[in-house]
Amino acid sequence: MKYAYYPGCSLNSTGVEYNISSKAIAKHFGVELKEIDDWNCCGASAAHNTNHLLSLALPARNLAIAEKQGLDIAVPCAACYSRLKASKLAVQQSAATKATINDIIEMDYQGSKDVFSMIDVVHNGIGLNKIRESVQIPLEGLKVASYYGCLLVRPKHLAMDDQENPMKMDEIIGA
């Protein structure tokens, strides 16, 4: 299993632990994460509040590079996931938007590869059975609370899990 890996800006700074743990989990389970060459900021912090086309073009450039590599994209950061997924859907839903975005990024982007959160990569790609089989020290009695935030499950058309009752993280923890 191989994915284009989009760490985004925060995973190389304030979220470095999440970057390290995502890569370690992937390596442990034989998932290859190929960091997207020459990736750029997806604009999650401000682009969608300042310029709609910029908010689509920034992530589309990263998606186009991954698409050229023939790989689906794994995204740990919830904000980046939301922006990449929104850009992909915008390009798929409108030929005019696709043409405009392709002009802006000066690349051909078709929206042919999927965007997955790292939770999806672990839950659906690696799978709960493989996780259960790899447990060496059970964490019985440990109280853990999953935090999905709003960007992984809202809006509905971008959600990686059920909006009202997301369970993927809970199932991973349970495994």
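Because only heavy atoms are used, hydrogens play no part in the values below, and waters and symmetry mates are left out as well, while side chains stay in. Keep in mind it's a predicted model, so treat the numbers as computed, not measured.
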Participant: Could you give the side-chain donor-acceptor pairs of residues 75-82 under 3.5 Å, partners two or more places apart or in another chain?
Facilitator:
| residue | atom | partner | partner atom | Å |
| --- | --- | --- | --- | --- |
| Tyr81 | OH | Leu158 | O | 3.0 |

Participant: Side chains of Glu17 and Asn19: any donor to acceptor distance under 3.5 Å?
Facilitator: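 No, no side-chain donor-acceptor contact under 3.5 Å.
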Participant: Under a 3.5 Å threshold, yes or no: a donor from one side chain and an acceptor from the other, between Lys113 and Gln69?
Facilitator: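 No, because no side-chain N or O of Lys113 sits under 3.5 Å from a partner of the opposite role on Gln69.
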Participant: Please evaluate residues Asp114 and Lys85 with respect to the criterion salt bridge (Lys or Arg N to Asp or Glu O under 4.0 Å), reporting the C-alpha separation (whole Å), side-chain torsions for both, the decisive distance (0.1 Å), and the verdict.
Facilitator: CA-CA 8 Å; Asp114 285 326; Lys85 189 84 169 185; 5.7 Å; no
Participant: Between Gln92, Glu67, Lys98, which is the residue that forms a side-chain hydrogen bond (donor to acceptor under 3.5 Å, both in side chains) with Gln110?
Facilitator: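 Going through the options one by one, the only one that passes is Lys98.
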Participant: Apart from Leu54 itself, what residues make up its hydrophobic cluster, given side-chain heavy atom links below 4.5 Å?
Facilitator: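 Its cluster partners, ordered by chain and number, are Leu58.
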Participant: Going from CD1 on Ile73 to OG on Ser117, what distance comes out if it is rounded to the nearest 0.5 angstrom?
Facilitator: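 Reported value, rounded in 0.5 Å steps: 12.5 Å.
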Participant: Throw together a table of side-chain donor-acceptor distances under 3.5 angstrom for residues 27-36, partners on residues two or more places apart or in other chains.
Facilitator:
| residue | atom | partner | partner atom | Å |
| --- | --- | --- | --- | --- |
| Lys34 | NZ | Asp37 | OD1 | 3.0 |
| Glu35 | OE2 | Trp39 | NE1 | 2.9 |

Participant: Any side-chain to backbone donor/acceptor pair from Asn102 onto Tyr109? Under 3.5 Å, distance only.
Facilitator: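 Here the side-chain-to-backbone pair exists.
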Participant: Could you check whether any side-chain N or O of Tyr6 sits under 3.5 Å from a backbone N or O of Cys42, counting only pairs where one atom can act as donor and the other as acceptor?
Facilitator: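 Present.
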Participant: Assess, by modelled atom type and distance only, whether the side chains of Tyr148 and Asp170 contain a donor and an acceptor separated by less than 3.5 Å.
Facilitator: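 The criterion, which ignores hydrogens and geometry beyond distance, is satisfied for Asp170 and Tyr148.
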Participant: Any donor and acceptor pair, going by atom type alone, linking the side chain of Ser134 with main-chain N or O of Ile131 inside 3.5 Å?
Facilitator: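 Looks like yes, one N/O pair under 3.5 Å.
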